[in-house]
*Asks:* 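Attaching a single structure in structure tokens format; questions to follow.
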Amino acid sequence: HGHAPDFLTNDETRERVPMNLSDRLHLALFVADKMTANGYDVLRRRPSFVAGERLHKSDGDLQQFGFQPDKDELLVVAMESAIRLGFINPQSLYPRKLQHVVAPLYDIQRDFVKGVYKAAGVTNHDLAHLLLGIGQYAERRKDGKSMVEYLSHKFTIPEEIGIDADKLAVYLSQKTGITDESILQTPDNIVDGAKETVIHFSSQYQRDLDELSHEWEPDSAVAKQWKQGMDEYASGAWFEKMMATL
């Protein structure tokens, strides 16, 4: 369930209904798993794991790339979001008949990610340089490997892009659905909500997520809306709403 079925990754077969039981089960499990990788749940899980555990623990792998706790929380969440939305789980991966189910979940995540990008002060070009470990981010390498090389077991960059940062920036913009212009136009209330969310869940990453989100008393209106969505997810009410749309 962690990896997309081959027929989903192929533009020529994505829209075909899988005929054998194995492919049908793979598709069902993959979609069910990835539905939790978007929507309100990811707004708490990503900061907790990436900006919390992977950044704050003494043996966290992100520290080995020079990222610092209590400084780079927004930056590492921005980087992971670009990887997830651009390579591992892009919305374009899903066939048209499932878009009405996944689109609202991606819309929620994109709003959050745009807020994170703007709060971190990064664009798609910055993220391309960061992933490739070049330019101002040349020091963000581990054992000489860029983030792309380090995570090659999870995703690869198309051969036609290679290590061209300009091409990668365009690719990220297209795949994530987040342009540099949309980042600049992100309202301050979303930026404030994203910043508050990342700080809250990264600073207390050891705690149970359901308890942490339930006890949270956010200040910003956007963060309050996201908290309500997290609570609905934890209670199961979110799934009931989703099933009603099917």
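Residue numbers count from 1 along this sequence.
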*Asks:* Would you kindly confirm whether Ile199 and Val191 end up in one hydrophobic cluster when ILVMFWY residues are joined by side chain heavy atoms under 4.5 Å apart?
*Replies:* no

*Asks:* Can a side-chain donor-acceptor contact be found between Arg110 and Gln91 if the only test is distance below 3.5 angstrom?
*Replies:* yes

*Asks:* Are the side chains of Met230 and Leu209 in touch, meaning some heavy atoms are under 4.5 Å apart?
*Replies:* no

*Asks:* Please round to the nearest 0.5 Å and tell me the distance separating atom OG of Ser182 and atom CG of Asp111.
*Replies:* 10.0 Å

*Asks:* For the pair Lys118 and Lys114, evaluate side-chain contact (heavy atoms from CB on, under 4.5 Å) and give the outcome as yes or no after the intermediate values.
*Replies:* CA-CA 6 Å; Lys118 191 171 182 179; Lys114 284 187 291 187; over 6 Å; no

*Asks:* For Gln63 and Leu55, indicate whether the former's side chain and the latter's backbone hold a donor-acceptor pair under 3.5 Å.
*Replies:* yes

*Asks:* May I ask you to decide whether Asp210 forms a salt bridge with Arg44, counting only side-chain N to carboxylate O separations under 4.0 Å?
*Replies:* yes

*Asks:* Is it the case that the side chain of Lys154 and the backbone of Ile88 share a donor-acceptor pair, with hydrogens and angles ignored and the cut-off at 3.5 Å?
*Replies:* no

*Asks:* Counting C-beta onward and ignoring hydrogens, is there a side-chain heavy-atom pair between Asp192 and Val222 closer than 4.5 Å?
*Replies:* no

*Asks:* So His153 and Leu151, do their side chains get closer than 4.5 Å, heavy atoms only?
*Replies:* yes

*Asks:* Among Arg140, Gln136, His125, Met147, find the residue that satisfies the side chain to side chain contact (heavy atoms under 4.5 Å, CB included) test when tested with Leu130.
*Replies:* Arg140

*Asks:* How close do Gln206 and Ser203 get, heavy atom to heavy atom, and via which atoms?
*Replies:* OE1-O, 4.3 Å

*Asks:* Answer yes or no: is there a side-chain heavy-atom contact under 4.5 Å between Ile83 and Val148?
*Replies:* no

*Asks:* Could you check whether any side-chain N or O of Lys175 sits under 3.5 Å from a backbone N or O of Leu85, counting only pairs where one atom can act as donor and the other as acceptor?
*Replies:* no

*Asks:* Just verifying a value: how many Å separate Asp61 CG and Glu53 CD, rounded to the nearest 0.5 Å?
*Replies:* 9.5 Å

*Asks:* Take Asn89 and Tyr94 through the side chain to side chain donor-acceptor pair (under 3.5 Å) test and state the conclusion after the steps.
*Replies:* CA-CA 9 Å; Asn89 190 33; Tyr94 297 88; 2.8 Å; yes

*Asks:* Applying a strict under-4.5 Å side-chain criterion to I, L, V, M, F, W and Y, I'd like to know whether Val122 and Leu184 cluster together.
*Replies:* no

*Asks:* Verify, without hydrogens or angle tests, whether Asp180 (side chain) and Asn124 (backbone) share a donor-acceptor contact under 3.5 angstrom.
*Replies:* yes

*Asks:* Give a yes or no answer on whether the side chain of Asp164 reaches the backbone of Lys167 with a donor-acceptor pair at less than 3.5 Å.
*Replies:* yes

*Asks:* Quick one, Arg46 and Gln109 - any side-chain contact, counting heavy atoms below 4.5 Å?
*Replies:* yes

*Asks:* Under 4.5 Å between side-chain heavy atoms, counting indirect links through other Ile/Leu/Val/Met/Phe/Trp/Tyr residues: same cluster for Val170 and Phe87 or not?
*Replies:* no

*Asks:* If I compare all heavy atoms of Ser213 with all of Lys227, which pair ends up nearest, and what's the gap?
*Replies:* O-NZ, 2.9 Å

*Asks:* Inspect the surroundings of CD in Glu139 and state if more than 12 heavy atoms from other residues, nucleotides or ligands are less than 6.0 Å away.
*Replies:* yes

*Asks:* Taking the six-membered ring for Trp, are the ring centroids of Trp226 and Phe112 within less than 6.0 Å of each other?
*Replies:* yes

*Asks:* Is the NZ or CZ atom of Arg141 both under 6.0 Å from the centre of the six-membered ring of Phe65 and within 45° of that ring's axis?
*Replies:* no

*Asks:* Step by step, would you call Asp231 with Tyr40 a side-chain contact (heavy atoms from CB on, under 4.5 Å)?
*Replies:* CA-CA 9 Å; Asp231 289 342; Tyr40 292 110; over 6 Å; no

*Asks:* I'd like to check Ile134 versus Ile163 (side-chain heavy atoms, cut-off strictly below 4.5 Å). Are they in contact?
*Replies:* no

*Asks:* Might you point out which heavy atoms bring Gly133 and Ser146 nearest each other, and give the distance in Å?
*Replies:* N-CB, 4.1 Å

*Asks:* Taking atom types as modelled, find out whether Gln204 and Arg207 have a side-chain donor-acceptor pair closer than 3.5 angstrom.
*Replies:* yes

*Asks:* Testing the basics here: between His56 and Tyr205, what is the closest heavy-atom pair and its distance to 0.1 Å?
*Replies:* CB-CE2, 3.5 Å

*Asks:* Donor-acceptor pair, distance only, cut-off 3.5 Å: does the side chain of Ser81 make one with the backbone of Val77?
*Replies:* yes

*Asks:* Tyr233 and side chain to side chain contact (heavy atoms under 4.5 Å, CB included): which single residue from Val42, Leu43, Asp41 fits?
*Replies:* Asp41

*Asks:* Are the side chains of Thr176 and Val113 in contact, using a 4.5 Å heavy-atom criterion?
*Replies:* no

*Asks:* Please confirm whether the backbone N or O of Gly193 pairs with a side-chain atom of Thr197, one donor and one acceptor, at under 3.5 Å?
*Replies:* yes

*Asks:* Do you know which two heavy atoms are closest between Ala165 and Ala128, and how far apart they sit?
*Replies:* O-CB, 3.4 Å

*Asks:* Side chain of Ser48, backbone of Arg45: donor and acceptor closer than 3.5 Å?
*Replies:* no

*Asks:* Identify which one of Leu127, Leu74, Thr186, Thr123 satisfies the side chain to side chain contact (heavy atoms under 4.5 Å, CB included) criterion when paired with Tyr117.
*Replies:* Leu127

*Asks:* Looking at Arg54 and Glu80, does any basic side-chain N land under 4.0 Å from a carboxylate oxygen?
*Replies:* yes

*Asks:* Does Asp143, at its CG atom, have more than 12 non-hydrogen atoms belonging to other residues, nucleotides or ligands within less than 6.0 Å?
*Replies:* no

*Asks:* CD of Glu160: more than 12 outside heavy atoms within 6.0 angstrom?
*Replies:* yes

*Asks:* List the atom of Val198, the atom of Val116, and the distance in Å for their closest heavy-atom pair.
*Replies:* CG2-CG2, 4.1 Å

*Asks:* Do His200 and Leu212 come within less than 4.5 Å of each other through their side chains, counting heavy atoms only?
*Replies:* yes

*Asks:* Would you kindly say whether Ser202 and Glu73 are connected by a side-chain donor-acceptor distance under 3.5 Å?
*Replies:* no

